[in-house]
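One structure is given here, and the rest of the page talks about it.
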Amino acid sequence: AALRPLLACGAVRARTCAALLPALCAARARELLLLYARHVAADLDDEQLLMLLRLALRERHEKLARAKTAAKAAGGGAHSAEATEAEAEAAGWGALLDQLICAPRNDVFLLQALRWLSLPDGRLLLERLIPLLNCYSDEWRAAAGAPSMPQLVGWLNVLIDAHASQLLLHSAAHPLLRRLGQLARRHVHLCSNIKNLKGYLSQATHRGAQPVRTIPAYSVDVIAL
């Protein structure tokens, strides 16, 4: 309980409290880790970022699998309390992932961290990033607290750059890569169509605008030499 106000007010720094993050990860203290990511994430080094990413990805995957198993065991379309609890926990770990994605980060630093991410964990990260990106294909705005499109595109660029050859050779990642390709083509098509509206929008925004200076009347002067 004493940690909550310290984390919330930004009194904790990753470099000065290096032992805190491993202890929180070992305890699976999701609520405190979310506060930690919200207020300290921009201060994390690559090793600490990797530690948080691995934990959040694996815990979310495990809770989703548990929810699926519990729902299947309930049968008949029923939704058991265990499945509901597991889904809520998975959503909590997903929120932690989103907070890490939202934190300001240098691409060079991020590339260095993601290179050490294992291929299974990289696929799990793709499974999180692509559905978030897909939200922008249906709505102009994502839910409050969700990563922005530039943040998602930045992470996807770095992740694919770090694991391009492995992802291409990993058959389980192929459906995700195909989905990402579809989203990219759709976005390019949308941008091309919007570009065609540039002239109309320019005309509409400048409609009725008055010149700053009065244009003088046209005149012709004849000079005899």
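Both backbone and side-chain heavy atoms feed into the values below; hydrogens, waters and symmetry mates do not.
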Quick one: closest heavy-atom pair of [X] and [Y], and the distance?
{"X": "Ala67", "Y": "Glu87", "result": "CB-CG, 3.6 Å"}
{"X": "Ala83", "Y": "Ala71", "result": "CB-N, 4.0 Å"}
{"X": "Leu117", "Y": "His163", "result": "O-CE1, 2.8 Å"}
{"X": "Leu168", "Y": "His174", "result": "O-NE2, 2.6 Å"}
{"X": "Asp45", "Y": "Phe109", "result": "C-CZ, 3.2 Å"}
{"X": "Leu167", "Y": "Leu177", "result": "O-CD1, 3.9 Å"}

Say you draw a straight line from [atom1] of [X] to [atom2] of [Y]; how long is it, rounded to the nearest 0.5 Å?
{"X": "Leu50", "Y": "Gln112", "atom1": "CG", "atom2": "CD", "value": "10.5 Å"}
{"X": "Cys9", "Y": "His39", "atom1": "SG", "atom2": "NE2", "value": "8.5 Å"}
{"X": "Arg128", "Y": "Leu133", "atom1": "CZ", "atom2": "CG", "value": "12.5 Å"}
{"X": "Leu52", "Y": "Cys25", "atom1": "CG", "atom2": "SG", "value": "5.0 Å"}
{"X": "Gln48", "Y": "Asp46", "atom1": "CD", "atom2": "CG", "value": "9.0 Å"}
{"X": "Leu44", "Y": "Arg13", "atom1": "CG", "atom2": "CZ", "value": "11.0 Å"}

Out of curiosity, does [Y] fall in the hydrophobic cluster containing [X] (side-chain heavy atoms, cut-off under 4.5 Å, transitive links)?
{"X": "Leu64", "Y": "Leu97", "result": "no"}
{"X": "Leu180", "Y": "Ile101", "result": "yes"}
{"X": "Leu96", "Y": "Leu20", "result": "yes"}

Got [X] and [Y] here, is their nearest side-chain heavy-atom distance under 4.5 Å?
{"X": "Leu57", "Y": "Trp93", "value": "no"}
{"X": "Leu159", "Y": "Leu110", "value": "no"}
{"X": "Leu49", "Y": "Leu114", "value": "no"}
{"X": "Arg30", "Y": "Glu89", "value": "yes"}
{"X": "Arg38", "Y": "Leu7", "value": "no"}
{"X": "Asp121", "Y": "Arg58", "value": "yes"}
{"X": "Asp107", "Y": "Asp161", "value": "no"}
{"X": "Val12", "Y": "Leu35", "value": "no"}

- Item | Derivation and outcome, side chain to side chain donor-acceptor pair (under 3.5 Å), residues Gln182 and Arg185 | CA-CA 5 Å; Gln182 292 170 356; Arg185 285 191 295 273; 5.8 Å; no

- Going by an N to O cut-off under 4.0 Å, is there a salt bridge joining Glu59 and Lys63?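 Yes.
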
- Message: Assess whether a salt bridge exists between Arg123 and Glu127, defined as any Lys/Arg side-chain N lying under 4.0 Å from an Asp/Glu carboxylate O.
- Response: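 Here Arg123 pairs with Glu127 in a salt bridge, since their nearest N and O are under 4.0 Å apart.
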
- Query: Quick check: are there more than 12 heavy atoms from other residues, nucleotides or ligands sitting under 6.0 Å from CD of Gln166?
  - Reply: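 Enclosed.
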
- Item | Enclosure of His61 NE2 (heavy-atom neighbours >12, cutoff 6.0 Å) |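 Not buried by this count: 12 neighbours or fewer within 6.0 Å.
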
- Item | Steps toward side chain to side chain donor-acceptor pair (under 3.5 Å) verdict (Ser148, Gln151) | CA-CA 5 Å; Ser148 67; Gln151 288 168 336; 3.3 Å; yes

- May I have the step-by-step check of side-chain contact (heavy atoms from CB on, under 4.5 Å) for Arg4 and Leu32, ending in yes or no? CA-CA 7 Å; Arg4 290 190 182 92; Leu32 292 176; 3.6 Å; yes

- Item | side-chain contact (heavy atoms from CB on, under 4.5 Å) between Leu152 and Ile130, worked out | CA-CA 8 Å; Leu152 293 171; Ile130 292 176; over 6 Å; no

- Under the 3.5 angstrom rule, does the side chain of Asp43 hit a backbone N or O of Ala14 as a donor-acceptor pair?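 Such a contact is found between Asp43 side chain and Ala14 backbone.
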
- Please lay out, stage by stage, how Arg28 and Leu55 fare under the test side-chain contact (heavy atoms from CB on, under 4.5 Å). CA-CA 8 Å; Arg28 303 294 192 269; Leu55 177 65; 3.3 Å; yes

- Going through the distances and angles, do Val40 and Leu21 end up as a side-chain contact (heavy atoms from CB on, under 4.5 Å)? CA-CA 10 Å; Val40 192; Leu21 182 59; over 6 Å; no

